[in-house]
Amino acid sequence: MSEKCKKVYITTPIYYVNDVPHIGHAYTTIIADTLARYSRLVGYDVFFLTGTDEHGQKIEQAAKARGKTPQEYADEISARFKNLWDEFEISYDKFIRTTDENHMKGVQKAFEIMYDNGDIYKDVYRGHYCVSCETFFTDTQLIDEEFCPDCGKSTTIVEEESYFFRLSNYETKLLEWYESAPECILPKSKRNEVINFVKNGLEDLSITRTSFDWGVKLPEKLGDPKHVMYVWLDALMNYVTALGYGTDEAKMAYWPAKIHLIGKDILRFHAIYWPAFLMSLGLELPHHVAAHGWWTRNGEKMSKSKGNVVDPKEIADAYGLENFRYFMLREVPFGQDGDFSQRALIDRINSDLGNDLGNLLNRIIGMSGKYFDYNIDSGGVKTYHAEELAEAEAVFARVEPYLYEVQTNRYLEELWKSLRIANKAIDTAMPWAKMKEGKKEEAMATIALVANILAKTAVLLHPFMPKTTDTIAKALGFVISTENYRKLVKEQALLEAFTIEKIPPLFPRIEEPLVATPQEKRDETAKAEEKKAAAKKEKEQTSKEASGANLITIDQFFQTQLKVGTVVEAEEVPKSKKLLKLRVDLGEEKPRQIVAGIKEWYGPADLVGTQVCVVANLKPAKLMGLLSEGMILAAKDDEGLCLIRPEKPKKPGSSIG
Ligand code: MSP
């Protein structure tokens, strides 16, 4: 790295505040954090920036939908991002918000400079706009003349007065940049995509809007208050306004950025618009724009509307923040998409961390305690294990370049080879056998070799898993610092005499997924709701019963007059399958006519002359046009119906009760 890069400036994208953070956002931030921590470890002066992107139509609409002002809404979501990064111990030096006063001043200053140098002119914009992507499209770019080619959502037709940036003037200069700085876009495969896009021709870019006002106003001197700046111009400028561009410029010494870390969906803005703006402003270009792929779920892009987003906090809480970091940085080759699964995460924890790293450490702690009371000396390492040590040093020298290429997976994959060398050394040298043979010095040398390999591995793993590696270092009797990085990694020194400390296992085995997936959660929520509804119903029922709502008093019971009656006549009701017409003597002047739905079980002949129980004070009703002056009591179950009759004949009209 050149002298100039002693200052290292690393950025994440600034996150839209229309959505809460998910693992895609966490991924970008964790990669950037790892690069920042690595840069600090090796001794650079680092400035690490993250923040939130708060203007634009999308945010204005999201706020409105929730009945909030855009500022209230932005405050709320911005705080959620900041809190999450704090909980994740992201080592940012500044958290910028595009609603910060100084940022807005800086953007206005930039606009003014670009306007003054002739790169901005006023015209009318006619075209299509995707609010979701905050992007303008021409007719030919749309799908089916309406839909956004990036996200597939419907676009709106816009025709409004607008200021334009002369992007077309920068075609050649951009192509020269891509040519002269082969690593300006990472991964390198993405560079070709960008070159082809630019070669197809660039149109001037509309950079102001008049149809809404949640954005940075134009500089006053232009006297055009109805315009606000295009959100991407506003947002991209954060990378320099965070260093004080246009206000207090002391921190501009960190410019140009070493790496802008982004997702592949926003590459065009960072690899085309951003360098063009910088050229117009006469500022240097970033060293790398590095675009990672998407995290998906079962092959589908994660999105709130699909309900398949994974909450990074939940995963980190369940599996351990640093294990989660390791997984994200190890699992997917940079630039490619990766499918998130807890199974894959568990496998990485059990296998790479538990078996390879954790067990090796345990073996060393165990043997050093058993044979040497934890006191180790590296004196014999070069005598007995020069070859293995050289092999391991070669690994350590090899891994570092991968980091600024953002090939974190390659870095870790390579680094793990050192653990294999160490494990093999133990298996081959068999210190336990050496001890039996009385070759204490050789046994000590093997244990010291492995401890040193572990120490150097821990230093190089530190940016990925800061706390875990601090614990490993403590167990090996040293601390991770820039000075020790220099000694152990750069100068290839060995730990001097040191004392090992016993620690509990770092990576307990995990058998089953610890977090319910969104689908499982939805199922569980549905089940829980069903259960809740059933419990509520039961509770209502019980409380009704308890409060007496279902009980009647004796007086209420006696309001019903039940009497014994004798059936004196019975006949079928024509055309009815169910009804019989009876005449029942209740000891009154004349028998009552009662229509009963008992034909399926009784014929007229079964009834005449027998006694029945009758509800005698029921309001008369008509059934199939026939007056019924009472109701006959019957009991019904699965096997059918039977009449309730007195056990012995009773006088017609005898009351029941
Ligand atoms: N506000 C703009 C960036 C402006 S930078 C000057 C923006 N914000 S964003 O919140 O939508 O996205 C921020 C970052 O998160 C992007 O790099 C994007 O690629 C990343 N991710 C969002 N969803 C993602 C996944 N599912 N997977 C991986 N990263 C993804 O764009």
Side-chain angles (χ1 to χ4, degrees), residues 8-15 21-42 44 46-51 81 84-95 183-190 239 257-267 270-271 286-296 302 310 312-313 315-316 321-340 344-345 348 352 399-415 460-469:
V8 169
Y9 182 31
I10 292 168
T11 69
T12 73
I14 45 172
Y15 301 100
H22 59 68
I23 67 163
H25 305 130
Y27 182 51
T28 321
T29 306
I30 287 171
I31 299 174
D33 182 63
T34 304
L35 295 180
R37 285 175 185 272
Y38 173 79
S39 306
R40 285 190 204 103
L41 178 69
V42 304
Y44 297 132
V46 178
F47 195 83
F48 171 25
L49 175 73
T50 188
F81 274 99
L84 181 67
W85 302 153
D86 289 341
E87 280 173 36
F88 274 19
E89 296 176 29
I90 298 299
S91 61
Y92 60 83
D93 294 289
K94 184 175 168 82
F95 186 98
E183 297 199 336
C184 61
I185 296 165
L186 296 173
K188 288 177 196 160
S189 56
K190 291 272 173 214
Y239 298 131
K258 170 80 182 152
I259 294 195
H260 290 310
L261 217 95
I262 57 165
K264 63 180 182 181
D265 51 320
I266 54 176
L267 180 60
H270 285 80
H287 291 223
H288 308 288
V289 170
H292 64 70
W294 290 103
W295 279 97
T296 56
M302 243 175 251
V310 176
K313 171 95 172 74
I315 297 292
L321 171 62
E322 300 203 351
N323 297 345
F324 173 52
R325 278 175 74 109
Y326 174 81
F327 167 74
M328 296 208 109
L329 297 165
R330 171 65 183 86
E331 189 70 5
V332 189
F334 189 70
Q336 291 181 23
D337 291 350
D339 207 52
F340 182 85
L345 170 58
R348 286 278 172 213
D352 299 12
V399 297
E400 289 195 77
Y402 288 125
L403 213 65
Y404 284 134
E405 290 170 14
V406 203
Q407 298 208 54
T408 57
N409 70 312
R410 289 294 300 280
Y411 181 104
L412 292 168
E413 194 182 8
E414 285 298 314
L415 187 58
L460 287 168
L461 185 60
H462 185 66
F464 297 73
M465 307 182 79
K467 286 206 167 133
T468 310
T469 49

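The basis for the numbers below is simple: all heavy atoms, side chains too, and nothing from hydrogens, waters or symmetry mates. Keep in mind that what you see is a predicted model, and the values were worked out from it rather than measured.
- Partners of Lys94 according to the side-chain contact (heavy atoms from CB on, under 4.5 Å) rule, which considers only residues two or more places apart in sequence or in another chain, are Phe47, Leu49, Ile96, Ala242.
- Going from atom CD of Glu405 over to atom NZ of Lys188 covers 5.5 Å, rounded to the nearest 0.5 Å.
- For the atom pair CG (Leu329) and CD (Gln407), the distance works out to 13.0 Å, reported to the nearest 0.5 Å.
- For the pair Ile23/Met328, a side-chain contact is recorded, criterion being any heavy-atom separation below 4.5 Å from C-beta on.
- Applying the salt bridge (Lys or Arg N to Asp or Glu O under 4.0 Å) rule to Asp337 yields the partners Lys264; only residues at least two apart in sequence or on another chain are considered.
- Residues forming a salt bridge (Lys or Arg N to Asp or Glu O under 4.0 Å) with Lys190 (at least two apart in sequence, or on another chain): Glu193.
- Interatomic distance, His462 NE2 to Arg37 CZ, rounded to the nearest 0.5 Å: 6.5 Å.
- Note that OG1 of Thr28 is 7.5 Å distant from CD1 of Ile266, once rounded to the nearest 0.5 Å.
- Not counting sequence neighbours, the partners of Leu321 by the side-chain contact (heavy atoms from CB on, under 4.5 Å) test are Phe88, Ala316.
- Between Leu261 and Ile10 the shortest side-chain heavy-atom distance does not fall below 4.5 Å.
- With contacts defined as side-chain heavy-atom distances shorter than 4.5 Å, the pair Leu84/Lys313 qualifies.
- Residues forming a ring pair (Phe, Tyr, Trp, His ring centres under 6.0 Å) with Trp295 (at least two apart in sequence, or on another chain): Tyr27, Phe327.
- Applying the side-chain hydrogen bond (donor to acceptor under 3.5 Å, both in side chains) test to Glu414 and every residue at least two apart in sequence or in another chain returns Arg398, Lys417.
- Every side-chain hydrogen bond (donor to acceptor under 3.5 Å, both in side chains) that Arg410 has, sequence neighbours left out, goes to Tyr402.
- Applying the side-chain hydrogen bond (donor to acceptor under 3.5 Å, both in side chains) rule to Gln336 yields no partners; only residues at least two apart in sequence or on another chain are considered.
- Of all non-hydrogen atoms in Ala36 and Ser91, the two that sit nearest each other are CB-OG, 4.4 Å.
- By the ring pair (Phe, Tyr, Trp, His ring centres under 6.0 Å) test, Tyr326 is found to be paired with Trp416, residues two or more places apart in sequence or in another chain being considered.
- Using a 4.5 Å heavy-atom cutoff, the side chains of Met465 and Asn323 are in contact.
- At distances below 3.5 Å, at least one donor-acceptor pair connects side-chain atoms of Arg325 with backbone N or O atoms of Phe464.
- How far NE2 of His260 is from CG of Leu186: 12.5 Å, rounded to the nearest 0.5 Å.
- Contact of the Ile185 side chain with the His270 side chain is not registered, since no non-hydrogen atoms from C-beta on lie closer than 4.5 Å.
- Considering OG1 of Thr469 and CG of Leu460, their distance stands at 10.0 Å, rounded to 0.5 Å.
- Residues Glu89 and Pro466 are not in side-chain contact: their nearest non-hydrogen atoms beyond the backbone lie 4.5 Å or more apart.
- Evaluation of the side-chain hydrogen bond (donor to acceptor under 3.5 Å, both in side chains) rule for Tyr411 yields no partner, not counting sequence neighbours.
- Here the side chains of Asp33 and Phe48 are in contact, with some heavy-atom distance below 4.5 Å.
- Leu403 places a side-chain heavy atom less than 4.5 Å from the side chain of Leu35.
- Ring-centre distance between Tyr239 and Tyr9: not below the 6.0 Å cut-off.
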CA sep, side-chain torsions, deciding dist, call: Leu412, Leu461, side-chain contact (heavy atoms from CB on, under 4.5 Å)
CA-CA 8 Å; Leu412 292 168; Leu461 185 60; 3.6 Å; yes

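- A search for salt bridge (Lys or Arg N to Asp or Glu O under 4.0 Å) contacts involving Arg40 returns Asp93, not counting sequence neighbours.
- Judged as a side-chain contact (heavy atoms from CB on, under 4.5 Å), and not counting sequence neighbours, the contacts of Thr29 are Thr12, Tyr15, Trp85, Ile90.
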